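What follows is a single structure, written as structure tokens, with notes after it.
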Amino acid sequence: MKVRFAPSPTGALHIGGARTALYNWLVARGSGGSLVLRIEDTDRERSTPENVAQIIDALEWLGLDWDEGPISQAERGERHRAEIARLVDEGHAYEDEGAVRLRVPGEGATVVDDVIRGEVRFAHAAIDDFVIARSDGSPLYNLAVAVDDRDMDITHVVRGEDHLSNTPRQLMVLKALGAEPPTYAHLPLLHGPDGKKLSKRHGAASVGELRAAGYLPEAVRNYLALLGWGADATTTFFTTEDLIERFSLERVSRNPAVFDEQKLRWMNGRYLRELEPGELARRLAQLHGDRPGLVEAAGAAQEKLQTLADFWPLAGFLVERPREIDQRAWQKVMGDGALDRLAEARAALAAVDPFEREEVETALRGVVDRLEVKPKDVFQPIRVAIAGTTVSPGIFESVAALGRDEVLARIDAALAQRP
RNA sequence: GGGGGCGUGGUCUAGUGGUUAGGACGCCGGCCUUUCAAGCCGGAGGUCACGGGUUCGAUCCCCGUCGCCCCUACCA
């Protein structure tokens with residue numbers, strides 16, 4: 001099998017495009033075939049090199065590679081013009097006010113045999129003679145796609161359903177060219193929560209935004225694969241190898257899907273928890289830069305993260321001293337003898353050796369027992385003192401991750417605020 | 001307007017001419033518990049778009065209606 005992913009560089013790579021790329025990639029890798037990356041940039045007005053670079057960057061981040069390309073469709077203009085001239089010479093097309101139109105028969109129909117949708121019939125009577133070349137001679141989409149798919153020996157065209165209605169036109173170009181058509185598979189479109197076409201208004205809609213929001217490429221692959229496809233009734237998690245092995249176009253669903261970021265967040269959290277702390281720290285560093293103590297902080301925060309971006313608000317205090325203590329947090333836990341308990345905890349922590357999670361826990365629970373108070377009466381003041389808020393990773397791992405000197409310094413600073 | 005596609009709980013989906021219509025996210029409750037999560041347990045939520053028809057029996061087959069989306073560009 002030979003497939004192609006053919007984005008138009010008129011914007012960033014969207015989730016829908018990413019899924020199309022993924023499905024093409026899975027088909028190619030699963031069949032031992034190849035994938036062509038073709039940039040459909042015949043619209044010189046809207047296509048930009050920046051967008052091409054961004055699309056390539058997004059594909060690389062997603063871990064999707066290709067065997068040929070990127071091929072610029074615009075650079076194949078001579079090839080397209082030659083075929084347009086041939087179509088005119090052979091009477092399949094004609095000039096009309098400078099532009100060139102393909103002759104569409106007045107009767108009969110063109111049938112698209114789609115892997116996902118079955119046979120779809122388009123009566124010629126409903127299709128006008130369409131333009132294949134502008135009056136300046138430059139080729140248009142339907143012509144360029146047909147010529148390129150033929151020239152590149154594409155066997156399967158896997159693309160969004162928005163192209164289904166264009167398919168009979170491409171089939172007619174192919175026929176006029178005397179070429180065998182490829183097999184088609186039109187994927188259901190992706191919509192936003194309001195049922196409308198996905199756009200910026202729907203949150204993280206491009207691959208770049210997903211990346212910046214702290215999603216892992218492997219989680220995005222898994223989630224995207226499930227948007228319009230399922231292997232069976234119950235399997236939700238697929239390694240990429242599973243996907244390559246089990247994916248099939250025949251099982252792609254026909255109805256449009258809504259991108260649900262909440263489900264992606266959940267799935268991403270599951271993938272995040274599977275990572276070794278060192279690996280998690282490496283991913284965090286890629287996104288926000290490396291810091292001393294990042295591995296310890298990552299380990300402490302890991303079980304509470306859904307995205308890499310969640311790390312900072314939750315556990316940023318582990319790698320960077322908070323500028324100030326949240327007033328509401330202070331008022332909530334620092335009343336009623338809390339500072340005395342905090343002082344007790346400080347004394348206990350000063351004596352902990354080695355300063356590891358287990359020893360920290362033993363010492364702090366000892367304080368709780370000695371004072372005959374509830375655990376939170378001791379733990380929350382510590383939390384507020386070191387984190388500046390009432391929410392943080394587990395207190396023992398947080399204290400251990402911070403190290404004795406820093407913990408004592410922050411507690412001392414808090415104690416100094418005593419009225 | 002014309003042509004085309006789609007229609008299973010809020011969302012992603014499995015499924016079959018006869019099952020209590022299955023799973024997941026989300027939601028609610030409980031357990032756990034140092035906060036928040038995670039995890040575990042339990043629960044609510046579906047007239048399978050609607051109306052006809054075929055059939056002993058339709059979510060599944062046929063027809064119609066409605067809704068949503070796509071194409072109908074010298075965009076892709």
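Just so it is clear, the values below take in all heavy atoms, side chains as well, and ignore hydrogens, waters and symmetry mates. Quantities reported herein were computed from a predicted structural model and do not represent experimental measurements. Lettering of chains follows the sequences in order, A, B, ..., and the numbering in each one begins at 1.
Across all strands shown, B:U72 is found opposite B:G1 as a Watson-Crick or G-U wobble partner, with both distances under 3.5 Å. Pairing for B:C66 goes to B:G7, judged as Watson-Crick or G-U wobble with the two contacts each under 3.5 Å. For B:G39, the paired base is B:C31 (Watson-Crick or G-U wobble, both distances below 3.5 Å). In this structure, B:G17 makes no Watson-Crick or G-U wobble pair, since no nucleotide meets both defining distances under 3.5 angstrom.
A gap of 10 Å separates the C1' atoms of B:G67 and B:C50, to the nearest Å. Separating the P atom of B:A44 from that of B:G7 is a span of 28 Å, rounded to the nearest Å. Here, B:C25 and B:C32 have their C1' atoms 23 Å apart, quoted to the whole Å. B:A38 and B:U33 have their C1' atoms separated by 12 Å, with the value rounded to a whole Å. Annotation: B:A37 and B:C71 have their C1' atoms spaced 47 Å apart (nearest Å). Nucleotides B:G23 and B:G52, compared at atom P, are 32 Å apart to the nearest Å. The gap from the P atom of B:C6 to that of B:G45 amounts to 32 Å, rounded to the nearest Å. Using P as the reference atom, B:C61 and B:A14 are 15 Å apart when rounded to the nearest Å.
In this model, no donor atom of one side chain and acceptor atom of the other lie less than 3.5 Å apart for A:Asn268 and A:Thr307. Of the N and O atoms on the side chains of A:His186 and A:Thr167, at least one donor lies less than 3.5 Å from an acceptor on the other residue. Defined by atom type and a distance below 3.5 Å, a donor-acceptor pair is missing between the side-chain atoms of A:Gln73 and A:Arg76.
Listed by residue number, the members of residues 163-172 of chain A with any heavy atom below 4.0 angstrom from RNA chain B are A:His163, A:Leu164, A:Ser165, A:Asn166, A:Arg169.
When heavy atoms are screened at a 4.0 angstrom cut-off, A:Arg251 is found touching the sugar-phosphate backbone but no base atom. Across all strands, A:Pro393 comes closer than 4.0 Å to base atoms (heavy-atom distances). Looking at heavy-atom distances under 4.0 Å, A:Phe122 makes contact with sugar-phosphate atoms alone, never a base. Contacts of A:Gly394 with the nucleic acid, taken as non-hydrogen atoms under 4.0 Å apart, include base atoms. At a threshold of 4.0 angstrom between heavy atoms, the contacts of A:Glu97 include nucleobase atoms, whether or not backbone atoms are also involved. Within 4.0 Å (heavy atoms only), A:Arg270 reaches sugar-phosphate atoms of the nucleic acid but no base atom. Nucleic acid contact for A:Arg46: base, since at least one base atom lies under 4.0 Å from a heavy atom of the residue. At a threshold of 4.0 angstrom between heavy atoms, the contacts of A:Phe396 include nucleobase atoms, whether or not backbone atoms are also involved. At a threshold of 4.0 angstrom between heavy atoms, the contacts of A:Ser253 are confined to the sugar-phosphate backbone, with no base atom among them. Residue A:Ala126 is in sugar-phosphate contact alone, with no base atom involved, counting any heavy-atom pair closer than 4.0 Å across all strands shown. Among the protein residues, A:Ser47 comes within range of no part of the nucleic acid, since none of its heavy atoms lies under 4.0 Å from any strand. A:Glu303 comes within 4.0 angstrom of a nucleotide base, judged by non-hydrogen atoms across all strands. Here A:Arg383 lies in heavy-atom contact (under 4.0 Å) with a base.
Within a 6.0 Å sphere centred on CG of A:Asp336, other residues, nucleotides and ligands contribute 12 heavy atoms or fewer. No more than 12 heavy atoms of other residues, nucleotides or ligands shown are found within 6.0 angstrom of CZ on A:Arg328.
A:Arg383 contributes a side-chain N or O that, together with a main-chain N or O of A:Pro393, makes up a donor-acceptor pair within less than 3.5 Å. Here the side chain of A:Arg404 pairs a donor or acceptor atom with the backbone of A:Leu349 at under 3.5 angstrom. Side-chain N or O atoms of A:Arg101 include one that pairs as donor or acceptor with a backbone N or O of A:Asp129 at under 3.5 Å.
Mapping A:Lys304 and A:Arg101 onto RNA chain B via the closest heavy atom, the residue that lands nearer the 5' end is A:Lys304. Of the two residues near RNA chain B, A:Ile395 and A:Asn255, the one whose nearest nucleotide lies more 5' is A:Asn255.
Taking the 5' to 3' direction, RNA chain B first and last meets chain A under 4.0 angstrom from a heavy atom at B:G3 to B:A76.
Both tests do not hold together for A:Arg251 against A:Phe247: distance to the six-membered ring centre under 6.0 Å, angle to the ring axis within 45°.
If you run side chain to side chain contact (heavy atoms under 4.5 Å, CB included) between A:Val36 and each of A:Ile71, A:Asp153, A:Asp149, A:Val3, only A:Ile71 comes through.
Under the side-chain hydrogen bond (donor to acceptor under 3.5 Å, both in side chains) criterion, A:Arg254 pairs with no residue, sequence neighbours left out.
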